[in-house]
Protein chains: 2
Amino acid sequence: MRIGELAERAGTTTRTLRYYESRGLLPARRAGNGYRAYDEDDLRLVQQIRTLQDFGFELEETRPFVECLRAGHPAGDACPASLAVYRRKLGELDSLIEQLQAVRAQVGAQLARAELEAAAERPGGPEPRCELGG
Amino acid sequence: MRIGELAERAGTTTRTLRYYESRGLLPARRAGNGYRAYDEDDLRLVQQIRTLQDFGFELEETRPFVECLRAGHPAGDACPASLAVYRRKLGELDSLIEQLQAVRAQVGAQLARAELEAAAERPGGPEPRCELGG
DNA sequence: GTAAAGGTTGACGCGGACGTCAAGGCAAGC
DNA sequence: GCTTGCCTTGACGTCCGCGTCAACCTTTAC
């Protein structure tokens with residue numbers, strides 16, 4: 001198939017596929033007229049990349065999976081290098097989630113505090129209803 | 001104080017402060033020689049921006065806080081517009097954390113599956129030890 | 001013959017928050 | 001007077017994954 005069909009079947013654009021090729025991830029054979037020619041294996045390859053990208057993998061991180069597929073393995077994650085990327089990504093996700101939860105807690109605390117202070121100013125002047133403000 | 005001192009005291013660079021100014025967040029008075037002149041209020045302003053940036057706020061999202069401070073309020077989050085940004089950010093953080101946890105679960109599942117399949121191939125040929133692959 | 005719909009390469013644009021370099025002015029110490 | 005260090009503006013570079021445009025070629029349909 002040609003690039004337009006591959007793009008459509010993979011749910012992406014021709015520009016994206018050419019970009020993958022420029023990064024060495026998706027080498028293409030050429031037909032006599034210079035058009036890029038792809039087969040079903042190439043489709044699976046693109047689908048593998050897209051799946052990982054949806055997970056938030058950078059393009060470069062998909063390379064081991066792609067090379068694994070091109071080496072003839074039935075799945076992109078059938079190689080040790082791919083598993084290593086999985087594990088590294090899990091660690092990154094864990095620490096990122098942890099960070100975000102910490103930030104969420106801090107922002108939540110700031111909001112609560114600011115709302116309290118605003119409520120203390122609003123109703124009838126500076127007259128806090130609790131034991132704040134001594 | 002001049003820009004170098006402000007940058008140092010705020011833990012950032014002169015380039016960053018000039019960038020803030022170009023975005024209209026940090027207007028500077030000028031000394032007779034053309035040098036930018038800042039005071040302690042400007043320092044607090046920069047610190048407010050930096051704190052929010054550390055929380056992952058975009059620069060534009062810090063604007064309400066900055067305007068609140070410049071309006072004379074003792075805190076950048078003493079204004080309704082700032083509270084609105086806090087609330088919006090909390091929502092964004094929650095959905096982002098949720099997404100990341102979902103991705104983490106999927107990647108974890110992929111890793112577990114791939115490890116199982118690898119273990120089934122490795123030890124002594126395709127001989128699964130559990131009830132898999134029957 | 002020609003228009004439309006695909007394809008090709010090359011190159012610039014984008015967004016965000018700056019880094020970095022160039023060419024020069026100003027202040028202070030020796 | 002000269003060096004050193006800080007300041008000024010202006011402009012280009014960075015990273016990433018493409019979008020978009022230009023100028024041109026190939027194939028197909030009418």
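Naming convention: chains lettered A, B, ... in sequence-line order (proteins, then strands); numbering from 1 in each chain.
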J.: With respect to the side chain of R36(B), which nucleotide from dT9(C), dC18(D), dT8(D) is positioned closest?
T.: dT8(D)
J.: Just how far, in rounded Å, is C1' of dG25(C) from CZ of R30(B)?
T.: 13 Å
J.: Rounded to the nearest angstrom, tell me the gap between atom OH in Y20(B) and atom C1' in dG16(C).
T.: 12 Å
J.: Quick one: do R30(B) and E21(B) make a salt bridge, cutoff under 4.0 Å?
T.: yes
J.: Taking only the side-chain nitrogens and oxygens of Q53(A), find out if one of them lies under 4.0 Å from OP1 or OP2 of dC16(D).
T.: no
J.: For the pair made of CG in N33(B) and P in dT9(D), what is the distance, rounded to whole Å?
T.: 11 Å
J.: I'd like to know if E67(B) and R70(B) make a salt bridge, using a cut-off of under 4.0 Å between side-chain N and carboxylate O.
T.: no
J.: Expressed in angstrom and rounded to an integer, what is the separation of F55(B) atom CZ from dA17(C) atom P?
T.: 17 Å
J.: If you go through the side-chain atoms of Y35(B), does one of them form a donor-acceptor pair with the base of dG25(C) closer than 3.5 Å?
T.: yes
J.: Using whole Å, what does the distance between atom P of nucleotide dT8(D) and atom CG of L17(B) come to?
T.: 10 Å
J.: Do any N or O atoms from the side chain of T62(B) and from the backbone of I49(B) form a donor-acceptor pair under 3.5 angstrom?
T.: no
J.: Is it true that R113(B) and E117(B) make a salt bridge, defined as a side-chain N closer than 4.0 Å to a carboxylate O?
T.: yes
J.: Let me know the distance between CD of E58(B) and C1' of dC18(C), rounded to the nearest Å.
T.: 14 Å
J.: Do the side-chain N or O atoms of T13(B) get closer than 4.0 angstrom to the phosphate oxygens (OP1, OP2) of dC18(C)?
T.: no
J.: Please report, rounded to the nearest Å, how far the P atom of dC16(D) is from the CD atom of E61(A).
T.: 11 Å
J.: Which part of the nucleic acid, if any, lies within reach of R23(B) when heavy atoms closer than 4.0 Å are counted: base, sugar-phosphate only, or nothing?
T.: nothing
J.: Between R9(B) and D42(B), does any side-chain N to carboxylate O distance fall below 4.0 Å?
T.: no
J.: Could you tell me whether the phosphate oxygens of dC7(D), OP1 or OP2, come under 4.0 Å of any side-chain nitrogen or oxygen in R15(B)?
T.: no
J.: Over how many whole Å does the gap from L25(A) atom CG to dC16(D) atom P extend?
T.: 13 Å
J.: Among dG17(D), dG19(D), dC18(C), which is the nearest nucleotide to the side chain of Y19(A)?
T.: dG17(D)
J.: Does T16(A) or R2(B) map to a spot on DNA chain D nearer the 5' end, using the closest nucleotide for each?
T.: R2(B)
J.: How would you label the contact of R18(A) with the nucleic acid (heavy atoms, under 4.0 Å): base, sugar-phosphate, or nothing?
T.: base
